[in-house]
Amino acid sequence: MKKLLTLLLTICLFQYISANDFIIVSPDKNLQVSVFLKEGTLNYNVNYKGKVILEDSPLGMITNVSDFSKDLVFVEKREQVVNKTYNEPKIKKSRVEYLANEVVCTYQTPQEEKITVTFRVSNNDIAFKYALVQNGETARCIIEKELTGFKFPQQTTTFLTPQATPMIGWMRTKPSYEEEYMPDEPVGTPSKYGVGYTFPGLFHVGDNGWALISETGVSSLYCGSKLSEGTKEGLYTIAFPEEGENNGIGSAKPAISLPGETPWRTITVGDNLKPIVETTIAFDVVEPLYEPSKEYGFGRSTWSWLLWQDGSINYEDQKTFIDLSSELGYELVLIDNWWDTRIGREKIEELAQYAASKNVGICLWYNSNGFWSDAPQGPKNRMNTSVARKKEMAWLKSIGAKGIKVDFFGGDKQETMKLYEDILSDANDYGLAVIFHGCTLPRGWERMYPNFAGSEAVLASENLIFTQHANDTEAYNATLHPFIRNSVASMDFGPVLLNKRHNRNNDGGTERRTTETFQLATAILFQTPVQNFGITPNNLVEYPPFVIDFMKEVPTLWDETVFIDGYPGKYVILARRYAEQWYVAAINAEKEIKKLKVKLPMFSDTKVNIYSDRKDRSPQLEQVNIEKSGEITLEIQSGSGMILKN
């Protein structure tokens, strides 16, 4: 029966315009990709439910040995249906069924040099990549330029965050994917730094729908790419890193062996935001690169540095946070920068033993740096070379450490991608999970690397301590991430800061503008398999027991994610399921109270706990019976949140 279904899909869902051109239709027939030659150049366009999402957009590349940008002729095409099921506990949905139609089409230049383009089209997702073959004795090439573009209709507005220029910012640590989003800008609006935009990028094509552009499958075999500046006509193209990244060391252009291929470029499409939030395309088209050396555990962690800062990196304060993790039932504690000089290795070993006696595992922070920034924090020069790294990881394994957090990377060059992969691969040999910070966007890494536990790559919670502006805009930024950054990859944000003032004693520094219930909601909205929460010991006595009990119970791994309602930068309502338990989180960034009637079928005819805020903005917990219809009206104050839990 399965073979018959595959055959029928193949017959029905590949359409040919001519011998050289073709249309790929999604299994539900709503999404359509046309690929065609036009005067020797390769192009494609995208329609969803008969409406234009992408106008005619370029394909192709130029290498140092071949030019695949012009004078191409069709050679052959192959098609098949891709139908697979896989399990991945670290993403927004633990079990995924992926069904897509695939066309592999080969073209050649007048010199008979061949390029293959693979397109996969599922119900709301498009993924495509290039492959090159060996030409005679030439077994290597440099990709000088990739022509791949995304041309949007003029009515499109964008939700993009700019790529920073190399080696600017604090201690010359940028680009670190920590810039602000600009909402609903017209296509072609210049970026802040003039060097394009980081992935992913969200585009609102007016009444025609939405599109999320990103890439996946980036390993040591390529660089991380970005979107170029947009033209006034609405064209954005694939752009490579800036020459100055990684302190100018290494080429900005990727080099590949022949035969070889590029990463996948992805486009998620819908006439509403549900497919954008729920997409798994970043993981659907990649495979694990190695076997896990053990069964990795993920979970919840406390973290002294966030609110207690550098002064907390001492033996006694770290014992305090180990005790905090133990009292909360958390699996981990993160010991941040300077531990090598302010605590010392012998005392770290003692802390690891103490934590183990409390059933808490320790994770240690490292500076990735060799030569690409001026960030002074130690330990340094432990993760940037193979000899030092393996020696360090052997010690980490010997003391029972569970993982590492590696910070301050130098950009997106292939040289840097190789460092990410080397750290992950070596860490797996020693049974260590890895979080990256001050880093690039993960591109399929949750599935590719079994010990990968998340990356920052966002304007994260530490900025709430650094600037009042980050607090004033916290709700706005939080309502962007489920639609953009966190839609394509795990996001190590460090949420749930319950202190009203962001300092050690909760009596000075920057001031939180959002409510406690809002903070609790971010534990659900922000997805990553290891959550480094911003809870401090004083919070245990400052708030009603139900607030702390919620934080004791909230999971970090999810079996299902369902988008309920929202608009980026304004509000969001999102449901996640762990086993049989559902959590629905809602936050409001608008100035007015948001009153919404929503359907929550997972709570139909059920008694649920509702966490919300009183008029004085203090947290409250109520029990409510949901009608059989599953309908309920949510009333969310500005800068506030709600949580429903069965």
Side-chain angles (χ1 to χ4, degrees), residues 92 157-161 177-185 198 200-204 210-212 268 270 272-279 456-461 463-464 467 469-497 512-528 531 534 558 561-576 583-598 600 611-613 617 634-644:
K92 66 185 79 169
T157 59
T158 69
F159 297 77
L160 300 172
T161 183
Y177 284 59
E178 296 179 58
E179 307 303 317
E180 293 188 79
Y181 285 90
M182 301 302 295
D184 268 324
E185 285 195 325
T198 63
L202 180 63
F203 297 81
H204 188 193
W210 295 82
L212 185 73
T268 301
N272 61 76
L273 287 158
K274 184 177 175 67
I276 304 295
V277 175
E278 297 180 13
T279 183
E456 183 191 28
V458 70
L459 199 62
S461 61
N463 293 280
L464 298 169
T467 73
H469 171 72
N471 289 273
D472 297 341
T473 57
E474 181 185 11
Y476 158 74
N477 284 306
T479 58
L480 290 171
H481 300 321
F483 302 100
I484 313 174
R485 164 66 181 86
N486 212 183
S487 180
V488 300
S490 299
M491 182 177 74
D492 180 43
F493 187 90
V496 192
L497 284 73
R512 171 163 56 82
R513 302 298 194 195
T514 57
T515 68
E516 287 80 49
T517 307
F518 178 102
Q519 292 297 318
L520 298 183
T522 61
I524 302 159
L525 290 173
F526 299 162
Q527 179 265 321
T528 196
Q531 289 275 29
W558 303 102
T561 295
V562 178
F563 174 66
I564 306 299
D565 197 6
Y567 190 92
K570 295 183 179 180
Y571 71 102
V572 62
I573 307 172
L574 190 66
R576 297 195 197 271
Y583 292 77
V584 174
I587 58 172
N588 177 21
E590 297 190 277
K591 293 181 179 179
E592 304 298 325
I593 293 174
K594 201 79 182 174
K595 192 172 183 178
L596 298 162
K597 181 180 283 189
V598 296
L600 303 175
Y611 301 76
S612 62
D613 293 309
R617 297 174 71 80
L634 304 181
E635 193 167 306
I636 318 164
Q637 298 179 54
S638 176
S640 177
M642 292 185 72
I643 301 167
L644 290 81

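For the atom pair Lys594 NZ and Tyr571 OH, the distance stands at 5.0 Å (nearest 0.5 Å). Atom CZ of Phe518 is separated from atom CZ of Arg513 by 13.5 Å, given to the nearest 0.5 angstrom. Rounding to the nearest 0.5 Å gives a distance of 9.5 Å between CD1 of Ile484 and CG of Asn477. In this structure, OH on Tyr476 lies 14.5 Å from CG on Asn588, to the nearest 0.5 angstrom. With values rounded to the nearest 0.5 angstrom, Thr528 atom OG1 is found 8.5 Å from Met491 atom CE.
Panel note: side chain Glu179, backbone Thr161; no donor-acceptor pair is recorded below 3.5 Å. Judged purely by atom type and a 3.5 angstrom limit, Lys92 uses its side chain to pair as donor or acceptor with the backbone of Val277. A distance-only check finds a donor-acceptor pair linking the side chain of Asn471 to the backbone of Leu464 [under 3.5 Å]. In this structure, the side chain of Thr522 does not engage the main chain of Leu525 through any donor-acceptor pair within 3.5 Å. A distance-only check finds a donor-acceptor pair linking the side chain of Thr517 to the backbone of Ser612 [under 3.5 Å]. Panel note: side chain Ser638, backbone Glu590; a donor-acceptor pair is recorded below 3.5 Å. One N or O on the side chain of Ser487 and one on the backbone of Ile276 form a donor-acceptor pair closer than 3.5 Å.
Annotation: side chain of Phe159 is in contact with side chain of Trp210 (closest heavy-atom distance under 4.5 Å). No side-chain heavy atom of Val584 sits under 4.5 Å from any side-chain heavy atom of Met642. For the pair Arg485/Tyr181, a side-chain contact is recorded, criterion being any heavy-atom separation below 4.5 Å from C-beta on. Side-chain atoms of Ser461 and Glu474, non-hydrogen and from C-beta on, never get closer than 4.5 Å to each other. Side-chain contact check for Ile587 versus Ile636: every heavy-atom pair is 4.5 Å or farther apart. Side chains of Leu634 and Leu644 form a contact here, defined as non-hydrogen atoms less than 4.5 Å apart. His481 places a side-chain heavy atom less than 4.5 Å from the side chain of Val458. Counting heavy atoms from C-beta outward, Glu180 and Leu459 have side chains that approach closer than 4.5 Å.
Taking both residues in full, the closest heavy atoms of Gly639 and Ala475 are given as CA-CB, 4.4 Å, listed atom of the first, atom of the second, then distance. The two residues Ala478 and Pro482 come nearest to each other via the heavy atoms O-CD, 3.2 Å. When every heavy atom of Gln527 is checked against every heavy atom of Asn486, the shortest pair comes out as N-OD1, 2.7 Å. The minimum heavy-atom distance linking Leu212 with Pro200 is given by the pair CD1-CB, 4.0 Å. Nearest heavy atom pair, residue Gly566 against residue Leu273, reads O-CD1, 3.7 Å. Across all non-hydrogen atoms, the minimal contact from Leu160 to Gly201 is CD2-CA, 3.4 Å.
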Inset, instruction - Could you please spell out the steps behind the side chain to side chain contact (heavy atoms under 4.5 Å, CB included) verdict for Ile524 and Leu574? - result: CA-CA 8 Å; Ile524 302 159; Leu574 190 66; 5.9 Å; no
Inset, instruction - Please report the C-alpha distance between Asp184 and Tyr567 in whole Å, then the side-chain angles of each, then the deciding distance to 0.1 Å, and finally whether the side chain to side chain contact (heavy atoms under 4.5 Å, CB included) criterion is met. - result: CA-CA 11 Å; Asp184 268 324; Tyr567 190 92; 2.9 Å; yes
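For Glu278, the salt bridge (Lys or Arg N to Asp or Glu O under 4.0 Å) criterion is met by Lys274, not counting sequence neighbours.
The ring of Phe563 has its center closer than 6.0 angstrom to the ring center of Phe483.
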